[in-house]
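Shown next, in structure tokens, is the structure this report addresses.
Below, chains carry the letters A, B, ... as their sequence lines are ordered, and counting in each starts from 1.
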Amino acid sequence: MDIKLQQVSYAYSAGTPFEKYALFDVEMEIPSKTYHAIIGHTGSGKSTILQHFNGLLKPTKGIVHIGERKIEAGKKAKELKPIRQKVGIVFQFPEHQLFEETVLKDIMFGPMNFGVSEEEAEKRAREGIKQVGLPEEVLDKSPFDLSGGQMRRVAIAGVLAMNPDVIVLDEPTAGLDPRGQKEIMDLFYRLHKERELTTILVTHSMEDAAKYADQISIMHEGRCVLTGAPREIFSDSETLKKYRLEIPRIVKFQQKIEKLIGKPLSKICLTEEELADEIARALKER
Amino acid sequence: MTEILSFHNVSFSYTPDKPDARKAVQNVSFSINEGEWIAIVGHNGSGKSTMVKMVCGLLFPQEGEIRVMQIILNEETLWDIRSKIGMVFQNPDNQFVGATVQDDVAFALENNGVPFEEMVERVSSSLKKVKMYEFLNHEPHHLSGGQKQRVAIAGALAMHPKLLILDEATSMLDPQGREEVLQTVLELRKEIGLTVLSITHDVEEALLADRVIFMNQGKKYAEGSPEEIFALGDKLTEFGLELPFAMRMTELLQAKGVHLSGNNLTEEELVNDLWTSNFSK
Amino acid sequence: MQKTNTLSKQRGKTTDLVIQAMLVALVFISTIFLNIKLPIASNGGLVHLGTAMLFIASILFGPKKGAIAGAVGMGLFDLVGGWLVWAPITIISRALQGYIVGKIAWSNGSRGDSIAKNIIATIVSIPVMVGVYYIGEAIMFSSFIMPLASIPGDLVQNGIGIIIAIPVCMVLKKIPYFASITR
Amino acid sequence: HQLDPRSKLIFTFIFVVIVFLANNVATYGLLLIFTLFVILISRIRLYFLINGLKPVIILVIFTFLIHILFTREGDVLLNLGFLEVYEGGLRQGIFISIRFVVLVFVTTILTLTTSPISITDGLEVLLNPLKKFKLPIHELALMMSIALRFIPTLMDETDKIMKAQMARGSDLGAGPIKDRIKAVVPLLVPLFVSAFKRAEDLATAMEVRGYRGGEGRTRYRQLKWDAKDTTCIFALVLMTALLVFFRS
């Protein structure tokens with residue numbers, strides 16, 4: 001399912017004296033099955049944009065295309081449920097959305113709201129819990145008896161059980177320890193590959209964007225100021241600085257090495273593995 | 001050197017009636033001297049948060065004793081000791097008591113009966129120290145996470161603490177907020193020689209410390225300078241911690257056959273190592 | 001075994017105070033922010049969830065906390081929403097309502113865990129709440145007819161409140177955390 | 001505007017009581033003039049006052065009509081066959097409407113010029129004598145200020161949870177009533193859980209920062225009572241005397 005934003009502007013309290021624009025003429029295109037990262041400073045409008053992807057917010061101006069459907073400013077939106085089923089959102093600290101007596105019921109909540117039968121929902125829950133790396137036994141526990149990290153996985157399973165085509169992630173690793181962070185990010189990358197999920201990652205982590213994304217959009221003061229492949233985006237640290245963003249640590253380190261060697265490496269490296277390879281090669285060539 | 005805090009064979013269990021169960025903290029001893037920065041690292045469940053709770057008297061050890069400024073921590077000395085310890089917790093929202101920044105900084109002062117004129121003076125001077133003075137009248141929900149944590153630090157400073165404890169104080173912040181808070185702590189150490197105990201799972205934060213205590217399963221697994229601790233390498237990753245970036249790069253490069261002489265904790269060291277091992281011949 | 005009394009007396013008091021503050025905030029937010037639109041015409045069809053929250057607070061935390069949560073939370077709503085003239089009436093009526101619900105739900109050793117008692121408690125409190133408002137408004141408007149107008153709205157609100165509060169309490173009571181904190 | 005919250009509170013309280021003293025043309029006239037005077041010195045733009053009146057305007061009209069329809073005193077002024085308007089009814093209607101508008105104006109002024117937190121401060125000091133009767137005034141005031149401090153935080157939290165559940169297909173604002181009521185549980189349960197996690201954290205933080213009840217505490221927020229406040233209360237006392245004198 002392709003997602004396309006056309007000239008999207010959004011104002012909070014639109015039509016009142018307190019009207020305040022949070023987005024200005026945002027253009028964005030996220031083709032099906034890609035991994036797209038949206039980076040920006042706190043307050044850059046990235047969380048506002050995220051809520052447009054499944055109709056939680058309606059644009060004040062412009063059009064949001066979600067697959068075949070569109071949500072257009074000024075027009076009454078038709079049934080939003082089919083859109084919300086296809087576009088799952090994992091909010092920041094998603095464990096705060098758990099409420100049911102058991103983990104099983106909580107995971108089934110989403111799918112059943114979208115009219116999936118009980119048997120089917122339960123089947124999905126059993127699959128989902130394994131996919132997020134938890135044993136099936138937790139299904140019968142109260143979600144509030146689990147550790148923070150486990151709760152987050154349950155919440156993620158709850159979104160996955162809706163069988164979305166697109167998954168939107170809002171700072172999915174906030175507050176986790178390093179191992180937890182890596183596990184969650186790897187999990188989403190695996191899902192992206194295996195289920196061919198279109199993945200939209202909203203983050204302030206340059207590292208994660210560099211490591212996982214095919215495309216990156218930079219948000220700044222409510223505008224989408226830059227879109228491109230990670231290597232393009234990170235080749236220009238001056239422009240990024242203008243938007244109060246830093247290039248990823250790995251790219252910064254590459255620059256130091258290039259200064260040391262006295263010539264640029266053949267490409268901008270996005271993972272540690274890649275950089276080690278390039279450095280080794282550059283040293284051999286000497 | 002004055003001792004600020006020490007643990008002497010401290011143990012604690014949340015289920016003391018089950019002697020077989022693993023204790024949350026088991027036979028831990030260590031001490032901090034004035035002016036030091038100690039980091040306690042360990043993954044979730046390693047016992048580090050239980051240790052913090054014991055330092056500020058929210059839990060009492062079942063075995064062993066804790067001394068703060070050589071005074072044994074117990075129910076009689078508790079409030080006196082608390083007035084000498086400043087603490088910054090994980091969630092910036094859930095420790096902000098006052099209606100505005102200045103009210104919050106004054107909270108501990110009010111509790112300890114500091115007279116009004118002195119309060120005003122201390123509030124403004126500690127806010128200046130963390131560079132939040134111009135936010136005096138701001139309400140908490142208009143501040144960023146990093147700013148709130150700096151206000152929390154100011155609240156602690158106002159009491160002229162002997163020890164500042166950072167209990168995963170940066171783990172919920174964005175990179176910018178984390179930077180802000182760590183910078184503030186670094187500056188304060190330079191300025192007033194503050195003693196710091198930071199509990200963290202952020203390796204880069206641990207690198208800033210003079211000494212690192214590595215906790216695993218309730219026991220002190222190792223203690224030493226950051227160099228010594230991170231030299232443990234795979235042992236750390238096995239217990240759920242990351243290695244510093246420079247160390248990871250060093251390992252990868254060595255695996256690709258690049259000549260490097262040793263463990264590099266920081267990027268500078270790695271760059272220098274690369275230079276001396278490969279260029280300056 | 002002995003030294004694990006982490007909940008000192010002061011600790012209990014501080015926690016109580018903060019919980020009370022949260023309950024006040026929750027009642028206020030539910031009143032001002034959470035609405036359900038009903039297709040019936042009374043009150044423009046908007047029913048706020050403040051009464052539901054008051055019921056929940058009283059059932060889970062007993063008469064004292066329930067009374068204060070209702071009185072202060074809704075009194076604050078009057079203050080902020082420009083209905084300050086009503087504040088005295090609100091405070092009296094909601095304090096009584098919260099107290100009655102809590103008292104009955106917590107009578108004879110049960111602590112909000114008997115569904116039957118919870119339902120009776122909420123129902124019994126309705127005439128008291130409506131009555132106080134009636135008397136208060138009668139004084140304010142010097143008329144006995146005028147205040148009749150607000151009764152249907154009050155009844156709908158309380159009704160919705162019960163329908164919501166009872167199941168929410170049931171779920172919350174099952175969460176181990178709440179089962180322990182309200183004991 | 002710059003008055004001490006205590007004098008504003010006392011003022012409003014006494015005013016609300018003396019409004020009910022008025023019972024004839026002279027006293028209602030006095031009330032109106034006095035209120036206009038208060039509006040003038042408060043320097044609040046009329047726009048805000050009118051705005052404050054908006055929600056209650058229907059009530060005022062309604063009260064007026066009810067009194068006209070149901071009070072049967074004095075001469076008949078108007079006879080439309082099915083409806084008779086009495087002089088007493090008209091007067092009663094006008095008086096009650098004035099009383100109401102005046103009340104709303106003065107209380108709106110209080111709300112507009114004083115933040116809830118200063119009102120709490122003022123109340124704490126005013127009610128302080130009640131401590132003798134073992135009323136926990138300090139605790140109440142601190143509780144209020146914490147509640148006020150957490151309202152915006154919990155508001156955001158509510159919004160977030162609402163959005164998260166909406167994304168999972170449960171919507172408070174759409175669908176049949178049964179579904180809407182059902183959608184409340186997934187909202188309120190997490191809200192409660194989160195509020196109590198916060199309460200626990202905050203209690204811990206307060207304790208570690210040395211909070212142990214009101215005893216021996218000093219106050220950072222100071223209130224200043226000056227000549228203006230005294231003048232203001234004096235004016236009100238004068239007003240009360242006039243009202244008592246002129247009422248019939």
Options [options], ranked by heavy-atom pairs under 4.5 Å with chain D, top entry:
{"options": "C:Val80, C:Ile56, C:Ile163", "result": "C:Ile56"}
{"options": "C:Val171, C:Leu26, C:Val168", "result": "C:Leu26"}
{"options": "C:Leu79, C:Val24, C:Ile32, C:Leu23", "result": "C:Leu79"}

Review point. For chain D, which residues from residues 89-97 of chain C lie under 4.5 Å away (heavy-atom distances)?
Key: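 No residue falls under the 4.5 Å cut-off.
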
Taking only heavy atoms into account, what residues of residues 64-76 of chain C are found under 4.5 Å from chain D?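 At a heavy-atom separation under 4.5 Å, chain D is reached by C:Ile68, C:Val72, C:Leu76.
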
- Item | Counterpart residues, ring pair (Phe, Tyr, Trp, His ring centres under 6.0 Å), relative to D:Tyr28 (two or more places apart) |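 Per chain and number, D:Tyr28 pairs via ring pair (Phe, Tyr, Trp, His ring centres under 6.0 Å) with D:Phe95.
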
Measure [X] against the heavy atoms of chain C and call it side chain, backbone, both or neither at under 4.5 Å.
{"X": "D:Met155", "answer": "both"}
{"X": "D:Thr204", "answer": "both"}
{"X": "D:Phe100", "answer": "side chain"}
{"X": "D:Val185", "answer": "both"}
{"X": "D:Val106", "answer": "neither"}
{"X": "D:Lys197", "answer": "backbone"}

Salt-bridge present (D:Arg219, D:Glu124; N to O < 4.0 Å):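 Answer for the salt bridge query: yes.
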
**Prompt:** With sequence neighbours left out, what residues match C:Leu34 under side chain to side chain contact (heavy atoms under 4.5 Å, CB included)?
**Reply:**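 With sequence neighbours excluded, C:Leu34 shows a side chain to side chain contact (heavy atoms under 4.5 Å, CB included) to C:Ser30, C:Leu49, D:Thr158, D:Met162, D:Leu172, D:Leu187, D:Leu188, given in chain and number order.
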
* So, do C:Tyr99 and C:Phe61 have ring centers that fall under 6.0 Å from each other? ->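 Ring centres of C:Phe61 and C:Tyr99 not closer than 6.0 Å.
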
| query | Could you walk me through whether D:Leu127 and D:Leu135 pass the side-chain contact (heavy atoms from CB on, under 4.5 Å) check? | reply | CA-CA 9 Å; D:Leu127 298 179; D:Leu135 278 175; over 6 Å; no

*asked:* At a heavy-atom distance under 4.5 Å, which candidate from D:Leu148, D:Thr12, D:Val184, D:Asp159 has the highest pair count against chain C?
replied: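 Going by pairs under 4.5 Å, I would pick D:Val184.
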
Does the side chain of C:Thr122 pick up a donor-acceptor pair with the side chain of C:Ser125 at under 3.5 Å?
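No, C:Ser125 and C:Thr122 have no side-chain donor paired with an acceptor closer than 3.5 Å.
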
